[in-house]
Amino acid sequence: MGESTGPLKKLPLDALWRANEGGRGAKKFGDFAGYDMPLEFEGLIPEHNWTRTKAGLFDVSHMGPCFFALPKGHGLVGDEAHKAVAAIIEELVPGDIQGLKPGQVRYTTLLNKDGGCLDDLMIARPAEPGAAGDLYIVVNAGTKEQDFALIAQNAGARANLVRADDRCLLALQGPSAEAVARAVISDDLGAMTFMQVKRFDAFGRLTITRSGYTGEDGYEILVRAEQATALAQALLSHPDVKPIGLGARDSLRLEAGLCLYGHELDETISPIEADLAWIIQKRRRASADFPGAARILKELADKPARKRVGIRPLDRAPAREGVEIQSGGRKIGVVTSGGFSPILSAPISMGYVETAFATPGAKVDLIIRGTPRAAEITPLPFVPHRYKKG
Amino acid sequence: MTKKYTKDHEWVRIEGDVAVVGISNFAAEQLGDVVYVELPAIGKAVKQGADMAVVESAKAASDVYAPISGEIVAVNDALNGNPEKVNEGPEGDGWFVKIKVANASELEALMDEAAYADFAKA
């Protein structure tokens with residue numbers, strides 16, 4: 001996914017992550033979706049545990065934030081303006097975007113005509129009345145070019161997509177995130193709850209969602225590149241905050257049972273197979289007007305052939321992406337992500353199995369380097385989410 | 001007592017007709033936290049340069065190759081419950097296997113400590 005030609009793109013905060021004052025710089029960088037990303041600072045496991053106990057700062061500026069808005073002079077206000085722009089994006093996703101309240105964020109997927117996932121993304125309705133008719137959208141790094149093209153093309157002259165991926169996107173995640181954000185940015189961040197969005201006049205202007213990809217409470221902060229160093233330094237100067245690389249981001253999202261596009265989701269996988277039926281709200285099920293609705297609603301009624309599950313190997317060997325899952329010597333599925341859980345101090349995996357096996361407690365075999373090893377299907381997440389629910 | 005190193009970052013120390021084998025300090029440092037080690041069965045015949053064991057860090061699985069041909073006569077069972085021993089003492093308590101050496105002349109192809117230090121730095 002996102003294979004690049006030519007030199008890697010540098011993050012606006014590249015110099016900050018390379019600066020090794022007090023040994024705090026990143027130890028390893030690597031290509032992710034064509035960007036030269038900090039992969040590891042102190043070490044995967046210490047970074048992971050720090051995020052679960054204090055707060056981690058992640059640079060996710062490789063991702064694809066954008067604003068999707070009705071053309072200037074649309075003349076609509078409030079709910080009417082919102083519904084008009086939301087109806088356009090709903091042509092591509094199964095979520096109830098028209099039903100978003102001001103300041104609400106929703107997780108959804110871009111669908112192809114067969115009901116497969118082209119990407120997973122966040123769509124937010126700004127809280128500010130003046131921004132009615134705008135949506136704030138964040139898509140994945142590896143898919144952003146095709147996503148932006150699809151969204152813009154589908155909208156035609158009805159709405160404009162304005163890329164914001166020249167800005168920085170910083171994620172502050174962990175139990176200390178709220179205290180840190182209130183101290184450094186604005187006390188009002190305490191009043192936000194999970195999956196809300198708000199603008200703040202600090203460090204230029206910030207667009208902040210209370211969301212993340214770790215299972216912890218926290219925020220994702222869109223900041224203009226010229227203000228990003230000051231913001232990152234202010235956050236990092238708090239004793240509870242350390243920089244965290246993409247390596248720990250992956251183990252954190254795996255423990256939290258969250259999908260990674262290209263692994264748990266791809267163009268062949270429907271939201272129902274991915275166990276994401278909850279992202280399709282009642283109104284959309286009834287209207288059945290999203291791409292691939294026939295397949296998706298049929299899977300919802302009859303169960304899909306395969307389903308995403310959590311898997312706990314019963315010994316210590318991690319089962320990584322591509323490991324075959326068997327039952328009685330017959331292939332019944334495949335691991336899509338796997339590794340080691342620092343919190344459980346045990347290997348964990350996610351994968352797809354035939355639906356008959358997608359029951360917690362079901363016994364399966366993982367074929368690791370040719371040897372079958374016993375494992376058990378387990379509920380997701382592996383580590384409970386600690387979101388600040390409203 | 002000779003200690004030699006391979007280009008794949010294994011070390012081998014000769015004790016009589018037995019070679020003690022593990023991964024180098026440099027390799028352990030590069031891998032980061034080791035979370036699992038898969039060791040061969042005792043009695044298995046191994047060939048110089050062929051797969052012998054697997055070491056898994058938090059991020060990935062890596063093959064460990066036999067630095068010398070022979071028969072596995074012992075494995076470090078302590079690594080099963082405590083894979084972190086590889087990080088704590090890769091060239092000490094974190095050894096992997098003991099191999100009964102079939103052909104000591106194979107050692108000549110390996111690097112001594114000084115040559116390996118230069119190799120790992122490059």
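Here the structure is a predicted model, which means the values were calculated and not measured. Here is the naming used below: chain letters follow the sequence lines, and residue numbers restart at 1 for every chain.
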Answer yes or no: is there a side-chain heavy-atom contact under 4.5 Å between [X] and [Y]?
{"X": "B:Glu56", "Y": "A:Arg316", "answer": "no"}
{"X": "B:Lys59", "Y": "A:Arg320", "answer": "no"}
{"X": "B:Val35", "Y": "A:Pro318", "answer": "yes"}

Side chain, backbone, both or neither of A:Lys27 within contact of chain B (heavy atoms, under 4.5 Å):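 Contact with chain B involves no heavy atom of A:Lys27 at all.
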Considering residues, nucleotides and ligands other than [X], do more than 12 of their heavy atoms fall under 6.0 Å from its [atom1]?
{"X": "B:Asp93", "atom1": "CG", "answer": "no"}
{"X": "B:Glu29", "atom1": "CD", "answer": "no"}
{"X": "B:Lys100", "atom1": "NZ", "answer": "no"}

Which bit of B:Ala60 comes within less than 4.5 Å of chain A, counting heavy atoms only: side chain, backbone, both or neither? backbone
Measure B:Val54 against the heavy atoms of chain A and call it side chain, backbone, both or neither at under 4.5 Å.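 B:Val54 touches chain A through side-chain heavy atoms alone.
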Pick from A:Pro347, A:Ala317, A:Gly339 with the largest number of heavy-atom pairs that fall under 4.5 Å of chain B: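 Sorted descending by pairs with chain B, the first entry is A:Ala317.
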In terms of side-chain geometry, is the basic nitrogen of A:Arg373 or B:Glu38 positioned less than 4.0 Å from the acidic oxygen of its partner?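 Yes, charged N to carboxylate O under 4.0 Å.
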Say you draw a straight line from NE2 of A:His48 to CG of B:Asp33; how long is it, rounded to the nearest 0.5 Å? 12.0 Å
